[in-house]
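By convention in this document, chain letters (A, B, ...) are assigned in the order of the sequence lines, proteins followed by strands, and residues within each chain are numbered from 1.
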Amino acid sequence: MAMAIRVFLILLLFLSSTNLGYSLYEDQVGLMDWHQQYIGKVKHALFHTQKTGRKRVLVSTEENVVASLDLRHGEIFWRHVLGTDDVVDGLDIALGKYVITLSSDGSILRAWNLPDGQMVWESSLQGSKASKSILYVPKNLKADKDDLILVFGKGYLHAVSGIDGEVLWKKDFAGESIEVTHIIQSADKIYVAGFFGSSKFYVYGLNADNGELLKNDHTVLPSDTFGELLSVSGDKFVVLDKIRSKIFTINIKNGEIRYKQKPISDLIKDSSGQAVILPTRLPELFALRIDSHVFIIKVTNEDDLVLVDKINNAASLSDALSISEGQHAFAFIQHESSSIHLFVKDVNDWSGDLLKESIIIDHQRGNIDKIFINNYVRTDRSYGFRALMVMEDHSLLLVQQGEIVWSREDGLASVVDVTTSELPVEKEGVSVAKVEQNLFEWLKGHVLKLKGTLMIASPEDVVAIQAMRLRSSEKSKMTRDHNGFRKLLIVLTRAGKVFALHTGDGRVVWSILLHTLRKTEVCEHPVGLNIYQWQVPHHHALDENPSILVVGRCGPSLAAPAVFSFVDAYTGKELKFLRLPHTIAQVIPLPYTDSTEQRLHLIIDINQRAYLYPRTPEAIDILQREFSNVYWYSVEADNGVVRGHALKSNCIQKVVDEYCFDFRDLWSIVFPSESEKIIATATRKSNEVVHTQAKVMTDYDVMYKYVSKNILFVANAAPKARGEIGTATPEEAWLVIYIIDTVTGRILHRMTHHGCQGPVHAVFSENWVVYHYFNLRAHRYEMSVVEVYDQSRADNKDVWKFVLGKHNLTSPMSSYYRPEITTKSQSYFFTHSVKAIEVTLTAKGITSKQLLIGTIGDQVLALDKRFLDPRRTLNPSQAEKEEGIIPLTDSLPIISQSYITHSLKVEGLRGIVTVPAKLESTSLVFAYGVDLFFTQIAPSRTYDSLTEDFSYALLLLTIVALVAAIFVTWVLSERKDLQEKWR
Amino acid sequence: MGVLLLRWVLAVTLLLTCVLGFKSDELLLDDEEFGIEGGRSSSFHSDSHQPSTAATSTSTSRKRFSESASDSKIQFTLQHAFGDSDFSDAGNFSARLKTWSHGGQTLTKLRFKRDPLTEVEQKIFKELLRGDDFYRIRLPSNVLSPPGREYIISSVKARCLPGDGLEEHFVIHMEGVNVLAVNYGAPGACAYPRQLKFPGKWSFKSHTVLKNSEQAPRAPIFAEDALGGEEGDGEAVKPIERSFWAKYWMYLIPLGLIVMNAVTQAMNMPDEQPGGQPGAPAQQQPGSAVQRGPSSGAVRRR
């Protein structure tokens with residue numbers, strides 16, 4: 001007995017010490033986790049198909065990704081994710097082997113090796129003034145010439161050598177204060193054209209060899225201009241006048257400027273509506289959009305304008321593509337009800353089509369946003385065309401011969417918000433045949449596993465085992481599982497599309513492009529804001545589907561009207577939508593549900609009103625019952641004020657609306673603007689469960705955790721130290737942190753870190769907050785922990801008090817108690833800078849916690865909370881060691897095995913979401929950025945379940961053997977007994 | 001633990017030597033104190049405790065500036081509102097404003113004088129109590145140029161206040177001359193559900209506390225502590241003497257069980273042995289002779 005206890009204790013100790021180094025084996029990669037790589041919405045695309053070999057397309061995207069995609073399958077050959085503020089402005093190919101990118105407002109020029117994406121060189125281009133940036137790689141230069149790349153950015157024109165990125169010469173245009181829009185190369189001269197103001201047109205001629213100014217000329221147009229100047233061919237430009245009724249044609253032959261003007265009404269007879277010149281580059285042609293019509297207009301050699309064609313319902317036009325000497329083609333798209341038509345026309349010969357195809361595209365992809373074309377030689381030696389289409393939902397399609405060759409769901413690179421949904425409950429009744437087959441498969445699988453365990457498996461068997469593990473049909477089933485590992489991850493993307501991803505294998509179960517978040521006349525620039533669980537049926541789980549609420553807004557400003565969409569979580573159908581008459585500043589899911597298990601939501605608008613949803617009388621009843629218990633807070637970060645609110649009464653307005661409420665301010669905290677600025681806030685998750693309220697210390701003393709849901713962490717920095725690290729001295733930098741009760745506005749804890757500054761990333765869980773910041777004095781990042789304990793319940797230690805019922809543990813807690821709290825805090829150095837920080841959540845909150853830290857290297861590190869324990873001491877006593885206190889160190893360890901992303905990178909990491917599984921030991925983790933990554937983690941190992949590869953067959957075999965042994969020995973003993981008796 | 005203690009002792013001695021270094025520090029000790037009317041608050045203790053690391057630096061800076069510090073009296077008003085009514089004056093805070101030569105200003109010796117509630121106000125307050133509504137107060141966010149940027153508002157359910165009289169507790173969080181926030185409420189518990197109870201007398205018993213920011217503990221740096229750490233080791237390493245029971249309970253309990261088992265068996269033995277003898281139950285007696293064979297077999301098997 002004693003032995004058993006000791007063995008058990010030792011085992012427990014062993015287990016608890018091993019979970020520090022949580023890691024997985026090489027063959028476990030991909031069993032629980034999946035990783036998806038995306039690139040984002042394509043901005044520029046260049047085809048590279050001239051040479052035989054791998055055909056590829058080079059793209060740069062709105063997520064600042066430069067990538068090379070396989071043109072046959074759409075896979076990524078290579079990819080580089082530039083930083084969040086390193087926006088790619090230009091993309092081109094130089095010398096036939098380098099991909100040139102211009103980024104960061106024309107200040108960084110990079111060359112990447114075309115086949116493998118290695119960076120060849122990088123040049124940083126200095127400048128003084130912000131301006132439009134232009135990348136111009138001259139084509140068809142003579143071979144003996146040094147290959148020039150011309151870059152205009154920050155007021156300077158740079159000529160950069162294409163071979164090593166050296167700046168050969170530069171010319172300052174910052175002083176001229178002209179807005180340079182075009183660079184033209186002709187022979188040895190470079191012309192730079194642009195506007196001063198909006199009517200003075202300037203041209204500068206420069207020597208291509210040394211940047212010497214040869215001549216300049218300018219002219220004043222008779223009126224101001226509208227929109228961008230469009231280059232029609234080498235030296236011709238078109239631009240609209242201010243009232244958009246005339247077109248100016250500007251010719252700069254040999255650096256001399258001539259212009260002509262022509263009213264639009266002369267060209268197009270019955271034109272009404274506003275004209276816009278489309279930015280499509282076509283030789284000698286340009287496209288003019290008036291309402292839904294596009295007019296193709298030719299600029300003749302005498303600078304006259306001739307109307308060539310009129311296209312109705314044109315959605316998108318491509319740039320011209322040179323297919324042979326003097327022959328150019330371009331493509332445009334026409335929408336029809338269910339299909340789209342792709343036309344490819346010869347620029348010079350307008351009469352016939354080079355290609356006319358109609359394609360059926362899933363209407364959930366929306367309209368076509370951009371189109372890029374490429375030609376190839378067909379088997380019959382004629383020209384064929386393929387088109388790369390960027391859709392409204394940011395997905396990328398390659399169309400060839402009227403079919404979609406491949407598609408990429410690149411909308412998933414810009415996830416805005418994530419929620420989860422349970423899968424349907426498995427219906428009863430499975431056919432016998434299926435069971436039999438499953439049984440056979442099951443047995444076969446276990447025999448294989450047994451072989452593997454006993455190390456008698458042949459190499460083929462090993463392969464089969466691995467394949468079986470990966471396939472594991474169990475994990476991608478569309479039904480709820482016992483352990484709660486299978487769920488739907490419902491993500492909202494920036495394009496306004498909602499995807500449901502299966503946690504088992506990451507496949508898209510359904511997707512819907514919400515029409516409330518599509519650009520319409522009512523709603524010019526819709527943005528998706530958040531996604532909430534609207535209805536989670538428990539009682540009617542079999543016959544009712546859960547639904548989610550998507551909240552959006554028509555435009556980036558707070559004053560824009562709001563939209564709601566309700567989506568069925570199983571089918572992806574939009575149940576209904578609402579265009580709200582009010583605005584949205586805050587959405588508060590209340591902890592109440594009505595009889596159909598719809599959650600009550602309170603929407604706060606910018607005019608100090610609160611609106612209740614769903615708008616049913618029942619919801620009003622529920623709210624009236626809890627009317628005086630609804631409190632919330634708002635943080636005005638710019639103003640430095642935190643306010644608390646409570647509901648007051650129904651709105652006083654002309655139209656009676658019983659779902660509208662006025663509210664009042666209960667408390668306010670005003671931070672002095674000269675010394676503090678709010679830079680980060682964190683609060684507890686509403687679905688977090690705390691299992692134990694008390695913590696037993698080593699000396700058998702009990703500390704009660706201060707577990708309040710209404711708690712807010714605020715981090716303020718000194719105004720001077722708000723900028724980047726290094727802009728402030730340690731003396732003028734400080735960080736003040738607050739822990740605030742959000743019902744009464746009490747400051748529970750306040751602490752100053754001198755010589756520290758942001759950015760601050762914080763996570764609040766149970767009774768502790770962990771935050772990450774930079775220490776200027778130590779020149780290192782630090783992480784601090786603050787744990788809050790309740791002193792008012794500290795007397796409840798005596799057993800007799802519990803026996804006699806004299807404790808105050810069961811009395812209701814009220815925020816109006818004056819809290820008696822103590823805090824414990826400690827700081828540690830941490831090597832990495834951090835992009836996101838999150839904590840694991842489990843179903844019952846029993847399992848110990850791990851912090852999930854999104855590092856600067858786009859990986860997710862799991863750090864045991866025990867490392868961030870304020871009670872760590874230099875020399876923990878034996879009792880403290882047994883409790884699991886780690887000796888104090890000045891920095892937090894980074895154990896490379898504890899990266900839950902193992903060897904993978906979640907490029908452009910923006911957020912981490914944790915969801916509890918039904919199994920207490922396990923937590924599901926979803927990390928998103930440009931890539932998506934999902935895995936399951938068990939911070940204290942899976943102590944409550946057998947591992948996936950547990951050999952049931954071996955167990956069965958053992959049991960059978962034991963039973964057999966029992967019978968055999970029984971028979972033997974009986975026989976022996978009988979012999980004894982006969983003796 | 002020993003290291004910390006040592007560091008604390010060092011810091012305190014440093015502080016003491018610094019304090020002894022100049023003539024009068026009466027004013028300085030006052031600095032830590034604040035005027036409390038109606039009783040001392042327990043939270044004062046936690047507030048006054050300075051982290052040891054900061055102690056040396058603050059004491060030296062005090063030494064430098066103490067002579068040049070000047071102080072003046074200032075006053076600011078407390079306003080209150082009943083439910084959603086407008087704010088009206090309710091009392092006066094007076095304090096001494098100390099200006100340091102380095103430009104910093106702090107408040108000390110805060111005193112508070114409550115205006116008594118008028119008849120009308122008492123009536124409104126009763127209404128508040130009946131409706132379980134909010135009693136709200138506000139303070140200027142800057143005591144020098146009230147109301148500063150904005151008023152600091154705080155509120156409490158009116159039913160929390162009545163005790164013997166009306167009891168209230170202020171914790172004013174300051175940053176120089178700025179008021180950041182005020183924690184306002186009853187000095188103790190406010191049981192939920194809140195019962196309607198009228199105060200015995202209509203006068204406020206107020207407790208006020210001023211609070212400034214604390215210094216955060218620094219991250220431990222081991223290069224400096226290496227020396228101090230070793231010295232402290234001697235005492236810290238000594239394991240805590242545990243009681244005999246705490247050490248060997250896992251042996252004792254099974255031992256006890258075995259002993260108890262043995263005792264019960266021993267008790268049963270005499271019962272079984274004299275199976276056919278007088279002590280045995282009556283109904284077993286007749287069958288005992290018949291069952292001898294099997295019973296002896298059973299004994300053997302055991």
Side-chain angles (χ1 to χ4, degrees), chain A residues 1-2 5-6 9 628 640-641 643 646 648 664-673 675-676 735-737 740 744-747 749-754 756 775 778 782 784 792 811-814 816-818 820 822 825-829 873-875 877-879 888-891 977 980-981, chain B residues 1 3-4 42-43 46 84 132 134 136 141-142 148-157 160 169 171 173 175-176 178-181 183-194 211 213-222 225 229 232-233 236-237 239-240 250-251 253-254 257 297 301:
Chain A
M1 179 82 180
I5 290 173
R6 289 188 72 185
L9 277 174
S628 62
V641 182
R643 279 179 222 281
K648 190 165 81 178
R664 57 179 154 208
D665 292 356
L666 286 187
W667 53 265
S668 62
I669 296 172
V670 181
F671 298 112
S673 54
S675 64
E676 290 176 33
L735 202 69
V736 194
I737 63 115
I740 298 166
T744 58
R746 287 177 198 272
I747 295 181
H749 185 60
R750 176 181 172 203
M751 198 161 77
T752 311
H753 294 269
H754 285 289
C756 296
N775 187 334
E782 267 183 17
S784 283
S792 62
S811 62
M813 289 294 294
S814 166
Y816 290 105
Y817 274 93
R818 192 164 70 86
E820 293 169 43
T822 53
S825 69
Q826 180 66 273
S827 303
Y828 302 96
F829 294 121
T873 54
L874 213 52
N875 292 302
S877 65
Q878 196 57 40
L888 183 68
T889 49
D890 57 352
S891 56
D977 240 21
E980 289 254 314
K981 277 179 193 161
Chain B
M1 203 50 215
V3 186
L4 267 178
S42 61
S43 61
S46 65
D84 297 315
D132 192 20
F134 288 101
R136 303 200 288 165
S141 65
N142 189 312
R149 210 144 61 88
E150 220 174 286
Y151 279 105
I152 308 291
I153 307 171
S154 189
S155 51
V156 69
K157 286 274 183 187
C160 290
H169 188 274
V171 182
H173 290 266
E175 174 71 50
N178 292 304
V179 180
L180 247 89
N183 299 357
Y184 180 69
C190 177
Y192 186 87
R194 291 177 284 272
K211 259 195 177 178
S213 186
E214 283 175 37
Q215 276 254 6
R218 286 220 211 129
I221 297 170
F222 285 127
D225 282 352
D233 270 353
V237 161
I240 305 158
M250 69 275 271
Y251 304 102
I253 289 175
L257 283 172
R301 206 179 286 164

Q: So which heavy atom on B/K211 is nearest to which on A/R750, and how close?
A: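 Closest pair (atom of B/K211, atom of A/R750, distance): O-NH1, 3.5 Å.
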
Q: Counting distance only, does the side-chain N/O of B/R136 pair as donor-acceptor with the main-chain N or O of A/D665 below 3.5 Å?
A: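 The answer is yes, because a donor-acceptor pair under 3.5 Å joins these two groups.
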
Q: For the atom pair CG (A/L666) and NZ (B/K157), what is the distance rounded to the nearest 0.5 Å?
A: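 It is 8.0 Å, given to the nearest 0.5 Å.
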
Q: Do you know the tightest heavy-atom contact between A/R746 and B/Y184?
A: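 Taking A/R746 first and B/Y184 second, the nearest heavy atoms are NH2-O, 3.8 Å.
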
Q: What part of A/S825 lies closer than 4.5 angstrom to a heavy atom of chain B: side chain, backbone, both or neither?
A: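 For A/S825, backbone and side chain are both near chain B.
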
Q: Enter the distance from B/E214:CD to A/I737:CD1 here, rounded to the nearest 0.5 Å.
A: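 Those atoms lie 9.5 Å apart.
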
Q: If you tally heavy-atom pairs under 4.5 Å against chain B, which of A/C756, A/G745, A/S673, A/S675 wins?
A: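 Most pairs with chain B among the choices: A/S673.
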
Q: For A/H753, is it the side chain, the backbone, both, or neither that has a heavy atom closer than 4.5 Å to a heavy atom of chain B?
A: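 When you check distances to chain B, atoms from both the backbone and side chain of A/H753 fall under 4.5 Å.
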
Q: Any idea which of A/T752, A/L735, A/N775 has the most non-hydrogen atom pairs under 4.5 angstrom with chain B?
A: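 Option with the greatest count: A/T752.
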
Q: Would you mind checking which part of A/S784 comes under 4.5 Å of any heavy atom in chain B, side chain (CB onward), backbone (N, CA, C, O), both or neither?
A: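 Contact with chain B involves no heavy atom of A/S784 at all.
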
Q: Report the distance from atom CG of B/N178 to atom CD of A/E676, rounding to the nearest 0.5 Å.
A: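 Nearest 0.5 Å value for the CG-CD distance: 9.0 Å.
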
Q: How far apart are the closest heavy atoms of A/G640 and B/R149, and which atoms are they?
A: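 Closest approach of A/G640 to B/R149, heavy atoms only: O-NH2, 3.8 Å.
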
Q: Indicate the atoms forming the closest heavy-atom contact of A/I747 with B/N183, along with that distance.
A: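 Nearest pair, atom of A/I747 first, then B/N183: N-OD1, 3.0 Å.
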
Q: Does the A/S668 side chain pair with the main chain of B/Y151, one donor and one acceptor, at a distance under 3.5 Å?
A: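 The answer is yes, because a donor-acceptor pair under 3.5 Å joins these two groups.
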
Q: So which of B/G185, B/S154, B/C160, B/G176 has the biggest tally of heavy-atom pairs under 4.5 Å with chain A?
A: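 Greatest number of close heavy-atom pairs with chain A: B/S154.
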
Q: Apply side-chain contact (heavy atoms from CB on, under 4.5 Å) to residues A/V736 and B/S213 and explain how you reach the verdict.
A: CA-CA 8 Å; A/V736 194; B/S213 186; 4.3 Å; yes

Q: By a 4.5 Å heavy-atom criterion (distance strictly below it), what part of A/T822 contacts chain B: side chain, backbone, both, or neither?
A: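 Contact with chain B: none, neither part.
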
Q: What is the distance from atom CD1 of A/I740 to atom NE2 of B/H173, rounded to the nearest 0.5 Å?
A: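 NE2 of B/H173 is found 9.5 Å from CD1 of A/I740.
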
